[in-house]
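Here is the naming used below: chain letters follow the sequence lines, and residue numbers restart at 1 for every chain. Computation of the quantities below employed the complete heavy-atom set of this structure, encompassing side-chain atoms and omitting hydrogens, waters and symmetry-equivalent molecules.
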Protein chains: 2
Amino acid sequence: MTVKRRDAYHLLREAIVSGQFHPNERLVEAAVAERIRVGRTAVRAALVRLDQEGLVTLEKNRGARVRHISDREALEIEEVRAALEGMLARRAAERIKLEVLRELHQVISAMRDRVEHGDAAGYSELNATFHQHIWTAADHPTAARLAGGLKSQAIRFQYQTAMRPGRAQRSLVEHEAIYGALKAHDADGAEEAMRTHLAEVLETLRWAIDTQHRSSRWLPG
Amino acid sequence: MTVKRRDAYHLLREAIVSGQFHPNERLVEAAVAERIRVGRTAVRAALVRLDQEGLVTLEKNRGARVRHISDREALEIEEVRAALEGMLARRAAERIKLEVLRELHQVISAMRDRVEHGDAAGYSELNATFHQHIWTAADHPTAARLAGGLKSQAIRFQYQTAMRPGRAQRSLVEHEAIYGALKAHDADGAEEAMRTHLAEVLETLRWAIDTQHRSSRWLPG
DNA sequence: ATCGTCAATAATGTCGACAATCTAGCCACG
DNA sequence: CGTGGCTAGATTGTCGACATTATTGACGAT
């Protein structure tokens with residue numbers, strides 16, 4: 001884990017991704033500035049970055065809002081992520097070092113632990129580190145930057161994909177498959193495993209979207 | 001073509017992409033502000049966006065520079081582009097409309113014309129429109145946005161690849177192959193054709209980088 | 001001659017004030 | 001009762017001033 005950043009951008013980003021601001025909520029500069037204890041100037045800069053990143057929409061003279069990620073866009077993002085991470089997994093398999101493999105092994109053990117204890121939040125965090133380790137091993141800054149910039153975190157929060165019963169168990173198996181391919185330096189296998197994993201994620205997302213629609217139809221408002 | 005924007009961001013972006021500022025050149029806020037006739041505030045905002053976009057590097061308390069794209073990064077960019085555009089070509093094949101197909105046909109005709117007349121610049125421009133038509137047909141804004149961002153970085157070195165003898169002719173053949181697959185609504189074929197096309201581009205880029213190094217070794221300075 | 005210190009300079013970061021712009025609510029009018 | 005315009009308030013956009021931070025070059029000690 002990198003150091004905790006204290007600048008407005010990272011603070012605000014964290015706040016949005018973790019759901020402290022709701023989709024479509026207005027972000028009034030003065031209010032936000034007071035909330036995270038920084039000047040309005042810094043908030044403005046942060047908003048520009050977040051707009052470029054797609055987490056916020058910025059309309060001239062009309063302020064900023066937390067960007068609502070549509071169902072369609074969520075699916076698109078996961079699709080792109082699959083393409084990018086597939087490529088990254090392939091490269092990682094070709095050049096991964098023993099040390100990183102060991103770290104991945106530890107992450108998987110910890111994941112297994114979280115699954116047994118039903119700790120969804122902890123699992124989700126480990127999931128992120130697992131993928132980050134692969135990015136490191138892939139040694140492909142450009143693709144890693146793009147993949148990191150995707151708003152998959154926000155999606156997971158918005159749609160609560162981790163809540164699908166039994167998802168964690170199957171996700172664990174998929175991660176183990178990826179690990180196996182990486183350990184064997186099997187490029188094709190790694191890309192394949194990663195793609196099927198993300199295809200499953202996409203499927204889960206479709207399910208989450210569907211159930212969300214169903215429930216909101218029964219409980220309008 | 002969209003309307004000509006006059007805000008600092010687009011002006012500065014255009015200036016950088018069109019090579020009016022050289023790689024690694026320092027972008028002093030005051031100087032830039034005067035150059036493009038806007039306030040320093042606007043320049044600051046523009047720099048933040050361009051930094052997020054990857055066209056500029058922004059170091060705290062040390063100002064902004066035009067981002068230098070290393071040989072390695074140039075290759076990485078093409079690699080990612082191949083992954084994204086491959087996906088886009090696949091989707092395009094599945095849903096392309098007759099009208100767009102006709103437009104693509106016209107573009108190809110025009111390309112053939114440019115090749116015969118040895119008009120490299122014109123060909124390059126048509127190349128861009130060809131790909132953009134495919135993005136439109138793919139109807140995948142997220143991927144298109146990412147690919148577009150990469151493209152703007154790529155422009156700065158792409159001109160080198162057009163210089164390889166006989167490249168344009170072969171490029172034309174590759175584009176025809178892509179068109180054929182799209183016309184047949186052959187998803188696999190389209191992705192495959194696009195990937196081989198971009199693999200060729202990557203190979204040409206390697207060649208360009210290599211010859212560049214050789215010549216600079218014989219003619220130092 | 002080399003290194004380190006320090007002042008001078010240039011550039012960035014931040015703040016407050018004010019102007020430009022949008023929004024909500026009120027009121028007159030049909 | 002609905003519609004349209006208008007004013008008051010809230011919010012964003014821009015500017016200039018100043019504080020903070022890097023960089024450069026001169027100078028002196030070793």
Nucleotide dA20(C), atom P - distance to NZ of Lys60(A) in whole Å: 13 Å
Ionic contact status for Arg167(A) with Glu174(A), cut-off 4.0 Å: yes
Lys/Arg N to Asp/Glu carboxylate O, Glu73(B) vs Arg67(B), below 4.0 Å: yes
Whole-Å gap separating P (dT21(D)) and CG (Asn61(B)): 7 Å
Rounded interatomic separation in angstrom, taking CD from Glu34(B) and P from dC15(D): 14 Å
Interatomic distance, Glu59(B) CD vs dG13(C) C1' [rounded to whole Å]: 15 Å
Atom-to-atom span, CD of Glu29(B) to P of dA22(D) - whole angstrom: 15 Å
From dG13(D), dT23(C), dA22(D), nucleotide with atom closest to Arg62(A) side chain: dT23(C)
Short N-O contact, Asp210(A) and Arg214(A), less than 4.0 angstrom: yes
Near-strand residues of residues 37-53 of chain B, defined as heavy-atom separation under 4.0 angstrom from DNA chain C: Arg40(B), Arg44(B)
Partner set under side-chain hydrogen bond (donor to acceptor under 3.5 Å, both in side chains) for Asp139(A), not counting sequence neighbours: Arg72(B)
Distance under 6.0 Å and angle within 45° of ring axis: Arg114(A) vs Tyr123(A): no
Exam field: side chain Ser124(A) to backbone Ala120(A), donor-acceptor pair closer than 3.5 Å: no
